[in-house]
Each structure stands twice: as structure tokens, then as C-alpha cells.
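Below is one structure, written out as C-alpha cells; comments come after it.
We count ligands from 1, going down the list as the structure has it; atoms in each ligand are counted the same way. Fair warning: this is a prediction, and the values are worked out from it, not measured in the lab.
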Amino acid sequence: MKLSFPSRPCITPEEVSAALDAAVGQVKRNLPQFTYSCQNHSSVNGFYAPCENNQWTCGFWPGEIWLSYEYTGDPVLKYAALILVESFLHRIENRIEVDHHDMGFLYTPSCVAAYKLTGSRDARKAAVLAADRLLGRFQPKGRFLQAWGGMGAKENYRFIIDSLLNVPLLYWASEETGNGRYREIAREHTETCLKYCIRPDNSTCHTFFMNPETGGPDHGATCQGYRDDSAWARGQAWGVYGTALSYRYNRRREYHDMFRRVTQFYLSRLPQDLVPYWDLTFTSGGAEPRDSSSASIAACGFLEMAGHAEREEAEDLRTLAKQIMKSLFDRYRVKDPEKSNGLVLHGTYSKKSPYNTCTPEGVDECVSWGDYFYMEALTRLHKDWDPYW
Ligand code: GLY
């Protein structure tokens, strides 16, 4: 499979350091606004507003602070991120907006990171409680973690490909507590999710419904993609990173094959600068917005799999990640803090199409996870990183 684009330049080690210096500078500038508040999921005209700790995206900003702390060792960053950990403990103990599966997105970059880096007991407690909450989303009939809505509701009897980034919290909880149940459910869900979300042409569907009576497969559908039968760019990117992480935790050869398949499709739909349009239906020109966050997520997936692949494939994957990061560094990152308090421009959270069911928001803006995964990919290029996931 074609794993690199020979005409595209790679980001250099000096540029990686420059990008991290600039990102950390922006994170520090943002601390006064976002230590006792969280950061909204997406910017408006380039600027994030503060929000309560009640969105699925609130874990990414503390994740950026932890990555900044790893890069600099600055105790101010640790102090601020630990204040946010208390807010995450409060949230899970009081069950504030936790009736969904996004416990991993919330608690991995905020609290698992905090525990790994500082040994914070509150962080550990919060993350284990979040893992328990995620276990409660398991549907034995169909063997999957239900993404959204009331448990068992027919209109919500489904999982989504994004969930592959939520299950590492379960592997961590198993390791940490010695209770194998978390791992068992993680494995069952992963198997179901990958079996049905990857289509025969190697594209992915965003969400997949199961039959609540029989537990058998029902149908794929989109929420944030262009159409039910298209490939939402971020869903495909979650698939790239998610299959790499699934391989990390299970070492199953078929997960490596699935990684190659979803990667192949993703790469085949990229425009010249390697940053996808928001849905992979769109491949060149036109007025459709990009989703730069998908590029960073995919780069993280390539770097994760590079750590497990044989030499030649690993080198190709690293090259690919460096090419993507070069494009983000040159053309997408925020260069002037007067114009944005984010890190990466041109992300798309949810774009309405005539065929999808999403609420439009964050179109052609900075998005919180886009900033986080941009920093994660840079960190992975900068050093041998111990993942939070
Ligand atoms: N997990 C939701 C999203 O990627 O927008």
C-alpha cells in the first residue's frame, strides 16, 4: 500500500521543537482563563470560551496542559492541571453529564495522565469511577458499549467508531485494579465495533445500530458525516488510531490488517496537502471545509502503529506522520495569538448536510481535541512517549 507521498516534505526535529514551544506558549497564555473553567468544544471566530465541566470534550484541554508539563517540567502547569483533576472528580462523583460512553475521552487525557505523571490519588479515583461508568454502558445483547441515550432505547441501540478511543480507559482500569472485567468488556466491544464499522471497501461508518431483540447487526448510519454511506473524515481517523490502539492492547493480527485497510482508504481520499475535507466524499477544491483534527488524530495513529510494526512499515508510517505534521505546522497552526487562543485552525466539529442528523457547530474553527492531538503527535515525534491512552 502507498504509505507516503514522496513529493511532500517532512517536519524537521527543529520544527517539532518550534511547534511545541509555540503550543506550550499558547497553553500558558490560556491558563488564567481555563484553570477554574473548562474550554468549550470549539472556538467561535478563533476563540474558545470557558465552559462548565459538562461537555464530552472537556478532557482535552487538561491533556494539553499535561503534555506541556511533560515538555517543560514547569510546576505551574502541573498545579493548574491538578486543579482541573478536582473538577473531574467532582463531575464523576456527582454524575454530571456522564450518561454516555465518552468516559475515555474525558478521563484519559485529564486523570489517567495526571495519575501516570504525578501519582495523584484523586486522579486515579476519578478515572476508575469513570471506567465503572463506561462498563455500565455494556449491552450483553449485541456485546457492545452503547454510545448515547437511555440504555436499551431502540433509537439509540448503537455504538460509534469514536468509541475505540474510549476503551483504553478500561484496559488501564484492569491493569490498575487487577479486575479483568474491564479488559474483557473492552475486548468484546472492540471486536463488535470493528466487525461492523469497517465496510468491505475499507471505509468506515460513523455509527452502527444493533437489533435490541436479537442482538444481531442492524444497519450503519451517520450522525456527523455527510451521508449514511459516506466516510466521515474524523470517523475514519478514529478508525486509524483506534485500530492501532486495539492492536497495542490485543496483539491480534487481524487488528493490524484492519489498521492497514482503514489507513489505505483514508490516504486514498486526501487532498494534496494531506489534511482531509470534513467528509472523505470530498477530495479536492470546492468550498467544503477541512477537518484538521482528523489529520492530527491519524498522525497519532500512524505513530502508535509505528511502535509495533516491522522496520520498513514503521519507517513509512513515521514518514507519513511527519509529512502530515509539516502541513499542519506550515499551513494550519495558529501563528498569531491575537487572532486565536487555539492551536490549530480549520477543524470541523459538526457540519450539517441534507442527509445527516447532527447539530451544526464548530465549522472551520479550532476544536479542542484537534489541539490536543496536534500536541500529542508532536510529543510523539519529540520523544519516546508513554501514551495516556
Ligand atoms: N467523538 C465525537 C467527534 O469526534 O466529534
Close N or O approach (Q224, ligand 1; < 3.5 Å): yes
Of F105, W56, W61, Y241, which meets ring pair (Phe, Tyr, Trp, His ring centres under 6.0 Å) against W369? W56
Contact check: W369 vs ligand 1, nitrogen or oxygen atoms, below 3.5 angstrom: no
Enumerated ligand 1 atoms positioned under 4.0 Å from heavy atoms of Y349: 5 (O)
Mark yes or no: R183 above the aromatic ring of Y171, with NZ or CZ under 6.0 Å from the six-membered ring centre and no more than 45 degrees from the axis. no
Can F5 and L267 be said to form a side-chain contact (heavy atoms from CB on, under 4.5 Å), step by step? CA-CA 10 Å; F5 297 83; L267 298 180; 4.1 Å; yes
Side-chain polar contacts of residues 47-54 - donor-acceptor pairs under 3.5 angstrom, sequence neighbours left out - could you list them?
residue: Y48; atom: OH; partner: V367; partner atom: N; Å: 3.2
residue: Y48; atom: OH; partner: V367; partner atom: O; Å: 3.1
residue: Y48; atom: OH; partner: S368; partner atom: N; Å: 3.2
residue: Y48; atom: OH; partner: D371; partner atom: OD2; Å: 2.8
residue: N53; atom: OD1; partner: R91; partner atom: NH1; Å: 2.7
residue: N53; atom: ND2; partner: S87; partner atom: OG; Å: 2.8

Polar proximity ligand 1 side, D162 side, N/O cut 3.5 Å exclusive: yes
Atom pairs and distances, donor-acceptor, side-chain atoms in residues 191-199, under 3.5 Å, two or more places apart:
residue: E191; atom: OE1; partner: R252; partner atom: NH1; Å: 3.3
residue: T192; atom: OG1; partner: R143; partner atom: O; Å: 2.5
residue: T192; atom: OG1; partner: E188; partner atom: O; Å: 3.0
residue: R199; atom: NH1; partner: S203; partner atom: OG; Å: 2.9
residue: R199; atom: NH1; partner: T204; partner atom: O; Å: 3.2
residue: R199; atom: NH1; partner: S230; partner atom: O; Å: 3.1
residue: R199; atom: NH2; partner: D228; partner atom: O; Å: 2.9
residue: R199; atom: NH2; partner: S230; partner atom: O; Å: 2.9

Considering heavy atoms of the protein only, find what lies nearest to atom 3 (C) of ligand 1 and give residue, atom and distance to 0.1 Å. R234 NH2, 3.4 Å
Short N or O distance, W232 and ligand 1, threshold 3.5 Å exclusive: no
